[in-house]
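Following: one structure in structure tokens, then a few remarks.
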Number of protein chains: 2
Amino acid sequence: MNIGEIARRAGVARSTVSYALTGKRPVSEETRQRIQAVIEELNYRPNAAARALKEGRTRTIGLVIPPASQRLTDMQLGFVATVVDAAARADLDVLLSPSGGEHERSFERVVTGRRVDGVILMEIRLEDDRVTRLRQSGLPFVGIGRTSHPEDMTWVDVDYETLISQCVHHLADLGHRDIALVNRSAELVAAGYGPGHRAQAGFTRAVAQRDLHGVHACCADDAQAGLSCVERLLAEHPELTAIATINETAITGMYRALAQAGLAVPKDFSIAGVAARHLAENLDPPLTSADVPTIELGARAVELLIQRIADPGSPHRHLLAAPPISLRGTTGPARPRA
Amino acid sequence: MNIGEIARRAGVARSTVSYALTGKRPVSEETRQRIQAVIEELNYRPNAAARALKEGRTRTIGLVIPPASQRLTDMQLGFVATVVDAAARADLDVLLSPSGGEHERSFERVVTGRRVDGVILMEIRLEDDRVTRLRQSGLPFVGIGRTSHPEDMTWVDVDYETLISQCVHHLADLGHRDIALVNRSAELVAAGYGPGHRAQAGFTRAVAQRDLHGVHACCADDAQAGLSCVERLLAEHPELTAIATINETAITGMYRALAQAGLAVPKDFSIAGVAARHLAENLDPPLTSADVPTIELGARAVELLIQRIADPGSPHRHLLAAPPISLRGTTGPARPRA
DNA sequence: CCGGTTCGCCGAATCGGTTCGACCTAGATC
DNA sequence: GATCTAGGTCGAACCGATTCGGCGAACCGG
């Protein structure tokens with residue numbers, strides 16, 4: 001069921017079948033139809049490996065995701081879904097590679113075995129050796145996230161620094177003066193996880209600008225951790241009246257801790273954050289948050305990667321998203337705690 | 001940077017390099033080291049396409065997921081994560097293909113372009129033409145889920161029928177006599193979505209066995225739908241005191257509807273369901289549910305697929321998981337509603 | 001000293017496409 | 001009527017690996 005078989009049955013040369021399929025040279029209407037008929041009869045489809053070998057490209061992109069062991073956040077899932085979707089729309093397949101931990105081989109295979117034409121890299125650290133490896137391999141890539149030297153790579157990212165800063169300003173406008181930032185896990189931040197550091201920077205900046213009192217806390221990515229984190233914060237800092245957070249996954253736990261402490265949201269305590277819209281809207285009460293446009297960012301990442309593959313020498317482009325804060329049900333005027 | 005270049009620099013034939021790498025024929029220790037040195041110096045990795053072409057296999061498996069447009073449930077995500085993980089562990093890459101909707105081409109490419117050695121298919125309908133296509137293509141595949149004729153395919157699945165039946169029996173044991181089943185969306189059920197139908201069958205059976213009064217309701221996969229669905233159920237069936245459900249995504253909305261109706265869980269109203277453990281544990285109160293062992297099922301699916309690829313003629317195997325119900329905080333003795 | 005193994009390696013064929021040069025024919029141009 | 005052009009097709013080379021048959025050298029027993 002290869003191109004030779006088609007050619008034989010249609011009574012033409014293999015090259016003619018190829019041209020009939022690709023249209024790179026004219027083929028008479030009559031011949032084309034004869035070939036087409038045979039192809040449909042045998043349900044023939046060109047062998048992807050053979051084509052990739054000769055053409056030097058695979059029509060496949062790699063998507064490097066965090067390892068499965070650590071649960072993906074709603075936002076990360078949104079990225080994966082839209083990347084797959086956008087790629088399918090462009091007739092590209094997506095090869096998944098869990099990087100980090102024990103799966104080095106997977107990343108290595110994808111990067112170095114010419115299995116893909118380009119890579120989209122998620123969960124980038126400020127210093128990220130995967131970026132280094134990709135760079136020296138010459139494979140086109142786009143980051144969802146960026147390193148500390150973002151100039152010489154192409155990326156899309158969420159402007160956590162600005163967004164957390166805006167959250168703090170919003171809370172300050174409501175009269176809050178003692179605000180905590182609930183960050184992602186301590187390990188992630190220690191490992192140089194970009195959003196964690198940038199959120200902290202934005203928090204520090206805004207707190208200084210408004211002359212507030214800020215508390216920084218790390219929190220693992222699950223509801224249980226959110227609960228105990230906020231319990232601890234409330235105990236150690238009785239003056240707190242508001243939280244800003246980028247930790248989506250822990251939010252339900254944070255809600256629970258506040259409820260258990262007898263604090264009503266937003267009457268007694270306010271929360272503002274950065275989250276996927278879907279998540280924010282489905283919380284109870286719905287979260288006042290900057291809604292990360294995952295769909296747009298994911299699609300844009302694919303688009304940029306396609307451009308990069310087509311013209312690897314083109315200048316690097318960047319997209320920093322800073323969506324406005326959607327006021328929902330979790331922020332209100334400050335009220336001193338009992 | 002191909003095998004010829006390595007051969008040249010090492011002063012041997014290309015075939016020798018190949019044998020040194022694969023070990024399929026003996027190569028002297030000295031020659032092997034010389035070759036190895038060149039390989040490491042140039043950071044050479046064999047071209048995946050060329051190898052796939054010659055070997056006739058790609059060392060890649062396809063994972064067919066529901067289209068991104070419909071959000072994946074926690075359980076589905078669990079499957080994706082563990083499949084990717086298990087595949088990576090077996091040195092297999094995973095090609096993602098969103099099927100359904102507008103992405104027919106993606107599925108077609110994966111199935112028919114010999115891009116993968118086998119396929120794992122998720123979200124299977126009772127009658128599923130993707131199964132038909134896979135079957136006639138001769139490509140090995142494993143279902144996570146099964147059709148209405150499950151004998152002649154290999155699959156792993158969750159025994160929704162038994163599990164929902166057990167939920168009902170558990171609720172009946174607690175004295176509940178008026179129970180609703182909250183199913184997945186009406187469209188999904190109408191389209192012949194297996195879990196929906198099997199859950200309904202189990203529900204009907206248990207209700208009959210215990211001589212109960214059962215109400216069946218479909219509900220879209222989001223919190224908002226869960227809220228309005230339960231609101232409606234409470235209004236139309238004031239006698240209800242318990243819900244059994246397989247709709248993970250709608251559960252938070254269901255909680256909210258009960259709370260708004262002034263019904264405390266589990267004091268005034270009980271809920272039992274089938275869900276990913278992670279989700280059940282993180283609800284407030286934690287859900288009494290049969291915890292679907294996604295990790296085991298996903299890993300097993302990969303394992304079965306690998307066997308099937310190795311020996312396509314081997315008999316079909318099946319794994320039907322019926323985990324026990326974990327009693328958490330959402331079921332208690334029946335108490336007639338006001 | 002000779003026939004038979006074994007070891008280590010080479011050369012060539014092969015997988016299934018794409019692509020380039022060449023050829024033939026028919027119609028247009030002058 | 002000779003020359004040119006364009007359309008339509010063919011044959012062969014090529015992409016980068018794997019794999020099979022075979023060949024020379026070393027080694028063995030008789």
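Here is how names work: the chains are called A, B, and so on, in the same order as the sequence lines, proteins then strands, and each is numbered from 1.
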Using a 4.0 Å heavy-atom cut-off across all strands, classify B/V12 as base, sugar-phosphate, or nothing. sugar-phosphate
Residue set satisfying salt bridge (charged side-chain N to carboxylate O under 4.0 Å, His left out) with B/R14, at least two apart, ordered chain then number -> none
As a check of understanding: the bend across the helix from C/dC1-D/dG30 to C/dC30-D/dG1, end axes from five pairs, rounded to 10 degrees, works out to 40°
Counting only non-hydrogen atoms, which of residues 20-35 of chain B are less than 4.0 Å from DNA chain C? B/R25, B/P26, B/V27, B/S28, B/T31
Does atom CD1 (B/I295) have a neighbourhood of more than 12 heavy atoms from anything else shown, all under 6.0 Å? no
Please list all pairs passing the salt bridge (Lys or Arg N to Asp or Glu O under 4.0 Å) test where one or both residues lie in residues 50-67 of chain B, with sequence neighbours left out. B/E55-B/R57, B/E55-B/R59
Against A/I6, only a single residue in A/L42, A/T16, A/L21 fulfils side chain to side chain contact (heavy atoms under 4.5 Å, CB included); can you say which? A/L42
What residues form a side chain to side chain donor-acceptor pair (under 3.5 Å) with B/D91, not counting sequence neighbours? A/R105, A/R109
For residues 298-321 of chain B, which residue pairs qualify under ring pair (Phe, Tyr, Trp, His ring centres under 6.0 Å), counting only residues two or more places apart or in two chains? B/W155-B/H318
Check whether any side-chain heavy atom of A/V12 lies under 4.5 Å from a side-chain heavy atom of A/V27, and answer yes or no. no
Extract from the structure each pairing of a protein N or O with an N or O of nucleotides 12-15 of chain C at less than 3.5 Å, listing the distance.
| unit_1 | atom_1 | unit_2 | atom_2 | d |
| --- | --- | --- | --- | --- |
| C/dT14 | O2 | B/K54 | NZ | 3.4 |

Pair B/E123, B/Y193: side-chain N/O donor-acceptor within cut-off below 3.5 Å: yes
Could you tell me whether the side chain of B/I3 reaches within less than 4.5 Å of the side chain of B/S18, counting heavy atoms only? yes
Crowding at CD, B/Q136 (>12 non-hydrogen neighbours, <6.0 Å): yes
Atom of B/S314, atom of B/R308 and distance for their closest heavy-atom approach: O-NH2, 2.5 Å
All salt bridge (charged side-chain N to carboxylate O under 4.0 Å, His left out) counterparts of A/E303, not counting sequence neighbours: A/R300
Sequence neighbours excluded, which residues qualify as salt bridge (charged side-chain N to carboxylate O under 4.0 Å, His left out) partners of A/R34? none
Could you tell me the boundaries of the chain A footprint on DNA chain D, defined by atoms under 4.0 Å from its heavy atoms? D/dG8 to D/dG16
May I ask you to list the residues of residues 109-117 of chain B, by number, that have any heavy atom positioned under 4.0 Å from an atom of DNA chain C? none
Report the residues that fulfil salt bridge (charged side-chain N to carboxylate O under 4.0 Å, His left out) with B/R115, sequence neighbours left out, ordered by chain and then residue number. A/D93
Look at the side chain of B/Y19 against the base of C/dC7 and say whether a donor-acceptor pair falls under 3.5 Å; ignore hydrogens and angles. no
Does atom CD (B/E29) have a neighbourhood of more than 12 heavy atoms from anything else shown, all under 6.0 Å? yes
